[in-house]
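Heads up, the thing below is written out as structure tokens.
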Protein chains: 2
Amino acid sequence: MNGGFSLPLSKDDIPPSDVILGKFLIIANVIPEALLEAQGAKIISLPKDSFLFMEGDMAQHYYQIKTGKIKMVNHNDDGKEFVQGYFEDGQSFGEPPLFKASHYPASAFGFKATELYKLSREKFLNLLRENFEVHLQFTTKLAQRMMYKAMMMKEISSHDPEHRILSFIDYIKKESQAGDKPFTVSLTRQQMADLLGIRVETIIRSVKNLAEKGELSIVARKIIR
Amino acid sequence: MNGGFSLPLSKDDIPPSDVILGKFLIIANVIPEALLEAQGAKIISLPKDSFLFMEGDMAQHYYQIKTGKIKMVNHNDDGKEFVQGYFEDGQSFGEPPLFKASHYPASAFGFKATELYKLSREKFLNLLRENFEVHLQFTTKLAQRMMYKAMMMKEISSHDPEHRILSFIDYIKKESQAGDKPFTVSLTRQQMADLLGIRVETIIRSVKNLAEKGELSIVARKIIR
DNA sequence: ATGGGTTTATGATCGAAATCATAAAGGGAG
DNA sequence: CTCCCTTTATGATTTCGATCATAAACCCAT
């Protein structure tokens, strides 16, 4: 999953559920910290439950998580939220608008207290210029996220909650590299709902149905497939 | 929209509607043809109404359209289709799975008879390696498509057909760089339906509603905003 | 251990988009 | 011009997820 880099991730102190939650959508474990520091990246702190930037803001900086967890999220008019993704240690987020100096399509929210590297747009582009391997690595991660979004769009468009849920679980299972081994979903049903654009109640009911059909099993409320 | 390159696009023989249709989702006018040829790209022909590759196939080649039009599309079990995007002259498509040697998340369909450059994965990556500007250009286009998908996911998830339609039209209007000038949507209602994951009838009714509300106007069945 | 907040659960009702059916209008090829 | 196919249009009906309401189970902090 790290695609070549061995960053000092030290996930030992993170509870298992979070590791799994992070597994999928860990999509851009991008730039070695040494390189960021060499370019002059600053380290900043984002408190839990606060926003780093809001949907619509102009993108000026590259951000990469040192430790913590960020939720990229859209809020529609009636307050409902749609989660574009979660990002954790070593991952970057919110880079797409950097390239054309445009605005963020979603807000960045501190799901946990988070420490981040912050690098100006110019220095970021410079870093890519001077480092083909990092650039390629970055593009690769972007491409992966792209495919995730393509998959989700297809699923979301053909609304059938059960199908959506299964595809989603299979995707994160694959990401987790669990192989054939039973895979435990560590997301809450609410989190799945926000990622899939479905109400919690519907998730709960659909999951139960899927369990009855034998497509997955529920043990101690956890979803296993 | 071309972002720096002036490719010999010669769109003169393409009717206006197609130019406009192509305007949006023209997102990766990527590699100068001279470079492709230098790397040894072959030119192949894809007949109208045929598939170049299918969802699930392993990605082995980089494709860039010389002339014609490609539709990237998913088919769900009951035959309904979801269109990920249209691509035209000068654009590339289906590149994300190239980076990790994985399979296509959607099928490529000849919306018109199309001539394409075809380049092996290795040579494509090589080309990026040797050409920072092209690589950056490519990443930029990928980032743009990414943002389009993020926007669409958010819209699709918060189902309100009218809202979705307006956001979509505003997006393609912006892409077309029409500014404040009235913008005529050149997509059929069916095409909009397939791009938005809504039924045609719903599009028709919603558009009519929006016209009554004054959000847009319909002239000779064409949607103007 | 206890209390408060979250997560899971379940039933009842509603509503909006999908579906089904049918037809008129437009457009292109010969 | 005419025929045929696509696109737009409109009404009737159905369906399934959203919504509302309520409560049990669980978990964590003090």
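Quick note on labels: first sequence line is chain A, next is B, and so on, each numbered from 1. Only this structure's heavy atoms are used, side chains among them; waters, hydrogens and symmetry mates stay out.
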Report the residues that fulfil side-chain contact (heavy atoms from CB on, under 4.5 Å) with B:Pro105, sequence neighbours left out, ordered by chain and then residue number. A:Met147, A:Ala150, B:Pro97

Using only side-chain N and O atoms of A:Arg199, determine if any of them is under 4.0 Å from OP1 or OP2 of D:dT19. yes

Could you list all the salt bridge (Lys or Arg N to Asp or Glu O under 4.0 Å) pairs where at least one residue sits in residues 195-209 of chain B, not counting sequence neighbours? none

Quantified as the angle between the terminal helix axes (five pairs each), what is the overall bend of the helix from C:dA1-D:dT30 to C:dG30-D:dC1 to 10 degrees? 60°

List for me each residue that meets side-chain contact (heavy atoms from CB on, under 4.5 Å) alongside B:Glu115, sequence neighbours excluded, and say none if there are none. B:Ile43, B:Ser45, B:Lys66, B:Thr67

Listed partners of B:Glu162 passing salt bridge (Lys or Arg N to Asp or Glu O under 4.0 Å), at least two apart: B:Lys213

Using salt bridge (Lys or Arg N to Asp or Glu O under 4.0 Å) as the criterion, list what pairs up with B:Asp160, not counting sequence neighbours. none

Going by the rule ring pair (Phe, Tyr, Trp, His ring centres under 6.0 Å), which residues pair with A:Tyr104 if we only count those two or more places apart in sequence or in a different chain? A:Phe53

Residues which pass salt bridge (Lys or Arg N to Asp or Glu O under 4.0 Å) with A:Lys149, listed by chain and number, not counting sequence neighbours: none

Check side-chain contact (heavy atoms from CB on, under 4.5 Å) between A:Thr188 and all other residues, then give those that pass, not counting sequence neighbours. A:Gln190, A:Gln191

Kindly write out the residues that satisfy side-chain contact (heavy atoms from CB on, under 4.5 Å) with A:Ser217, not counting sequence neighbours, or none if the list is empty. A:Ile224

Please list, for nucleotides 4-6 of chain C, all pairs of protein and nucleotide N/O atoms separated by less than 3.5 Å.
none

Note: contacts of residues 203-216 of chain A with DNA chain C (heavy atom, under 4.0 Å) are A:Ile204, A:Arg205, A:Lys208

